[in-house]
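Chain naming here is simple, since letters A, B, ... match the order of the sequence lines and numbering starts at 1 in each.
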Amino acid sequence: MYAVQCGKCFKWRKIQTQEEFEVIRANVTKDPFVCNKKFKVKCDDPAEIEYDSSRTWVLDKPDVPKTPLGFHRDVILRKDFSKMDVHYTSPEGKRLRSLVEVATFLEENPKYKDSISVEDFSFTTPKVVPETVPKDFVSKLSAEKKIVKHSGKMFLKSP
DNA sequence: GCCACCGGTGGC
DNA sequence: GCCACCGGTGGC
């Protein structure tokens, strides 16, 4: 599960799919998320989810490029909740773990060269928020964030 | 033999 | 101190 925080009222809005989430995230600096970007939602409406300790929150980074068509971007929380790992899977199932591996892959698969470059990939990991959250944590956020519930659900917070 | 997963580190 | 990256490996 994903959520974004409205840049105006700071309420949380759920985002249904990774696809939708990635579009918001890819453009969030030049096009900040606000409530009324969601169909029939306004800042006056109650928050769809509250920030609390029932979930482990994970702070995502802004402006991660949208995953190229046919590729998958997986963000995996380690069992000890210490950090997350990012990897991509190519259309043919090749697992890519770094920009170096992406560059090599694109060299070996020139059919992608016209449409895809290494700049379409980012291995930036969301940051796991510690259990003890500073009182001013929410107000200090300048980027968006993502949360992971213990079931693996995710949320994103925007400025 | 593969790969999901984790630990360590170099560079910033 | 953080994090992108990669080597190693245990379990299948």
Should the pair [X]-[Y] be classified as a salt bridge under the 4.0 Å nitrogen-to-oxygen rule?
| X | Y | value |
| --- | --- | --- |
| A/Lys66 | A/Glu19 | yes |
| A/Lys14 | A/Glu48 | no |
| A/Asp85 | A/Arg78 | yes |
| A/Asp31 | A/Lys37 | yes |

Return the value, rounded to whole Å, for the distance between atom [atom1] of [X] and atom [atom2] of [N].
| X | N | atom1 | atom2 | result |
| --- | --- | --- | --- | --- |
| A/Leu96 | C/dA4 | CG | C1' | 15 Å |
| A/Met84 | C/dC5 | CE | P | 17 Å |
| A/Arg97 | B/dG7 | CZ | P | 15 Å |
| A/Ile76 | B/dC6 | CD1 | P | 10 Å |
| A/Lys127 | C/dA4 | NZ | C1' | 14 Å |
| A/Lys94 | B/dA4 | NZ | P | 12 Å |
| A/His87 | B/dC5 | NE2 | P | 9 Å |
| A/Leu77 | B/dC6 | CG | P | 9 Å |

Between [options], which one does the side chain of [X] approach most closely?
| X | options | result |
| --- | --- | --- |
| A/Lys61 | C/dC5, C/dA4, B/dG7 | C/dA4 |
| A/Arg78 | C/dC5, B/dC5, B/dG7 | B/dG7 |
| A/Val100 | C/dC6, B/dA4, C/dC2 | C/dC6 |
| A/Lys79 | C/dC2, C/dC6, B/dC5 | B/dC5 |

- prompt: Within the structure shown, what part of the strands sits under 4.0 Å from A/Lys83 by heavy-atom distance: base, sugar-phosphate, or nothing?
  reply: base
Distance test, side-chain N/O of A/Thr125 to OP1/OP2 of C/dC3, below 4.0 Å: no
query: Under 4.0 Å between a side-chain N or O of A/Arg95 and OP1 or OP2 of B/dC3?
result: no
Side-chain heavy atoms of A/Phe21 within contact of A/Asp60, under 4.5 Å: yes
